[in-house]
Amino acid sequence: MAEKSTYYITTPIYYPSANLHVGHTYCTVMADAMARFKRLRGYDVMFLTGTDEHGQKIQQIAEEVGDTPKEYVDRVVADIKELWSVMEISYDDFIRTTEDRHKRRVQEIFRKIYEAGDIYRGVYEGWYCTPCESFWTDTQLRNAKCPDCGREVVRAKEDAYFFKLSAYADRLLALYEEHPEFLEPETRRNEMTRFIKQGLEDLCISRSSFDWGIEVPIEEGQVIYVWLDALSNYITALGWPTVDGTPGEHDKYDKYWPADVHLVGKEIVRFHSIIWPAMLMSLGYPLPKKVLGHGWLLLDGGKLSKSKLAEAGQDKARRNIVDPVELIERYGVDALKYFLLREYTFGQDGQFTTETMLQRVNSDLANDLGNLLSRTTGMNDKYFGGVIERPVALFADGPITSAETAVDVAVDARDGELIALALGAAAKVERHMDSFEFNRALETIWELISRSNKYIDETEPWTLAKTDGDRERLGQVLYNLAESLRIVSVLIQPYLHWSSEKIREQLGLDSGAVVWGDAQVFGLEAAYRTAKGENLFPRIDIEKEFASIAEG
RNA sequence: CGCAGGGUAGAGCAGUUGGUAGCUCGUCGGGCUCAUAACCCGGAGGUCAGGGGUUCAAGUCCCCUCCCUGCAACCA
């Protein structure tokens, strides 16, 4: 037997200069959904996230609050890990660039690229703000002043090491040409192609003006500058390149590299699709299969930023919450996850407002899904004491596994329609997930939920309940609804883990035993013992909610 | 200046290779009473930013104009 297929997915490693906002959450939630989906499909998944902890900015912030950089990032990283834990982010490894396993390998990478002749010593020249001790490029300056403090900057130089990025322009263009799937969406690839054709400069990869970083292995007083350090995490976490020769050191590298997808925000597509492959080319390592750039969540038409966050706190009447911790405390993990995955089109920017999220949660989660479960279990409890057997009349030949059979076999056209839709959903979800269309995957599942709600209205179980002779049909209807909900519980499992479990609980199913193939079988359960529980998603009174948010 | 995207119903968005303009929310009307005042059905609402062109046929392809946004080497 062949080994299980592997799937390696990464998020960027976040910069812990401050706590994360809902934009970081967006990226991580997508990666988590994909990782869970692939696991459910039987892949051996490696899902990596982490933090990029070096650099001048963190050194400065730590000094301001009187901490060492390490103390400072330890605290922020603890919060980040706590957030991922609350959100049930199923990462397999969390790499911190301050960890020894990373630092030693980054130095090894530096050495190898140096030995390959792609690193040389030169002079970095830029605008320097003396009070901030920061270098800035021409375009970073604001009105020719320091963008941080607004004070004068001076032209300054320092010795530094450079990576011969310019030497890789042709090979990068060839990569995009021969493997367009390497960089998606297409618009990002167009941007990068243009960018390369404008001419690549060599990349400054070390600094001597601050010391919070990994030391350059061949010279004291220089630390490795961001990209070489940060991008390397995708292989250092897998134990590559080898530095200590311990048995099994690079097993994960052998197994999972090259990565199937680096999920990144559109603003760092350039680093992942130009610098990173160039580094790997220099090292002679295989390239990742895909870099995928997602869009941004926008707040009031602009990107999420600290100043925006401050403003957001000012507008009491319709304050937008962008702190994921607060969103989760108020509305729950699945509400946030569902909204992020359902509302936005991958690759494009989208407006984020708390009001839109609450509307989405009310209509899709409370009214459609929660209510469907409530009415189904409620009627089953009321009419059958919660116990319902698989109706022999409908499943005389056993469970149904194809939509065509469903339509042929069904005694009632509405049954056939419902069953056919339920059986076809999994394949559609798979197709949409293959192209990272989370919104469409969820849309597909919600078509089944809507059809189920409609099925209740069409079959009118409350009318059937009034006549003894209709009792058999009533049982069929409720069984079909339970089966439909069971399939929903499988389909939503990668996205709404918590809800999936709650639904299965109320249906009397084992929560731990979700198998994807079960979504392609109708009539699987021989009997249901349902028990109506608490409402999955209580309706939110949006006006009252805003009043409460304003009081804060 | 350069490069890359957008402009589609009141709001937010979909619209593969050109073939009757869709979805969600909201709104209006109706139905139902199992359910979380939820659910189901139906209606109204768009000269697809503007102009020109190609075509039997253009939201879709080509040209021009206007408006918005992103990138330009440390922002998810």
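Chain A is the first sequence line, chain B the second, and so forth, proteins listed ahead of strands; every chain is numbered from 1.
In this structure, the CZ atom of Arg360(A) is 10 Å from the P atom of U24(B), given to the nearest Å. Distance CD (Glu267(A)) to C1' (A76(B)): 5 Å, rounded to an integer number of Å.
Every residue two or more places apart in sequence or in another chain that forms a side-chain contact (heavy atoms from CB on, under 4.5 Å) with Ala33(A) is listed here: Leu341(A), Phe438(A), Tyr495(A). Annotation: salt bridge (Lys or Arg N to Asp or Glu O under 4.0 Å) contacts of Lys266(A) (sequence neighbours excluded): Asp349(A). Among residues two or more places apart in sequence or in another chain, the side-chain contact (heavy atoms from CB on, under 4.5 Å) test is passed with Ser282(A) by Ile113(A), Ala116(A), Asp118(A), Phe163(A), Tyr168(A). With sequence neighbours excluded, the residues satisfying salt bridge (Lys or Arg N to Asp or Glu O under 4.0 Å) with Glu158(A) are Arg207(A). For Phe94(A), the ring pair (Phe, Tyr, Trp, His ring centres under 6.0 Å) partners are Tyr91(A), not counting sequence neighbours. Residues passing the ring pair (Phe, Tyr, Trp, His ring centres under 6.0 Å) test with Tyr331(A): none are found, sequence neighbours excluded. Taking Arg360(A) as the reference, Glu343(A), Asp364(A) meet the salt bridge (Lys or Arg N to Asp or Glu O under 4.0 Å) condition, with sequence neighbours excluded. In terms of the side-chain contact (heavy atoms from CB on, under 4.5 Å) criterion, residue partners of Thr345(A) (sequence neighbours excluded) are, by chain and number, Gln348(A), Asn439(A). Shown here are the salt bridge (Lys or Arg N to Asp or Glu O under 4.0 Å) partners of Arg451(A), two or more places apart in sequence or in another chain: Glu417(A), Glu458(A).
Heavy atoms of Ile274(A) sit nowhere under 4.0 angstrom from any nucleic acid atom. Within 4.0 Å (heavy atoms only), Thr11(A) reaches no atom of the nucleic acid at all.
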* Using a 4.0 Å cut-off on protein heavy atoms (strictly under), produce a 5'-to-3' string for nucleotides 34-46 of chain B with B for base contact, S for backbone-only sugar-phosphate contact, and - for none. => BBB-SBSS-----
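Taking the ring axis of Phe182(A) as reference, the NZ or CZ atom of Arg189(A) does not stay both within 45° of it and closer than 6.0 Å to the ring centre.
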* Dot-bracket encoding per residue of RNA chain B, Watson-Crick/G-U cut-off under 3.5 Å, | denoting interstrand -> .((((((..((((.....[..)))).(((((.......))))).....(((((..]....))))))))))).....
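Judged by closest nucleotide on RNA chain B, Thr463(A) is the one of His54(A) and Thr463(A) placed further toward the 5' end.
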Protein N or O to nucleotides 1-11 of chain B N or O, pairs below 3.5 Å:
| from | atom 1 | to | atom 2 | distance (Å) |
| --- | --- | --- | --- | --- |
| A4(B) | O2' | Glu191(A) | OE2 | 3.1 |
| G5(B) | OP1 | Asn190(A) | ND2 | 3.1 |

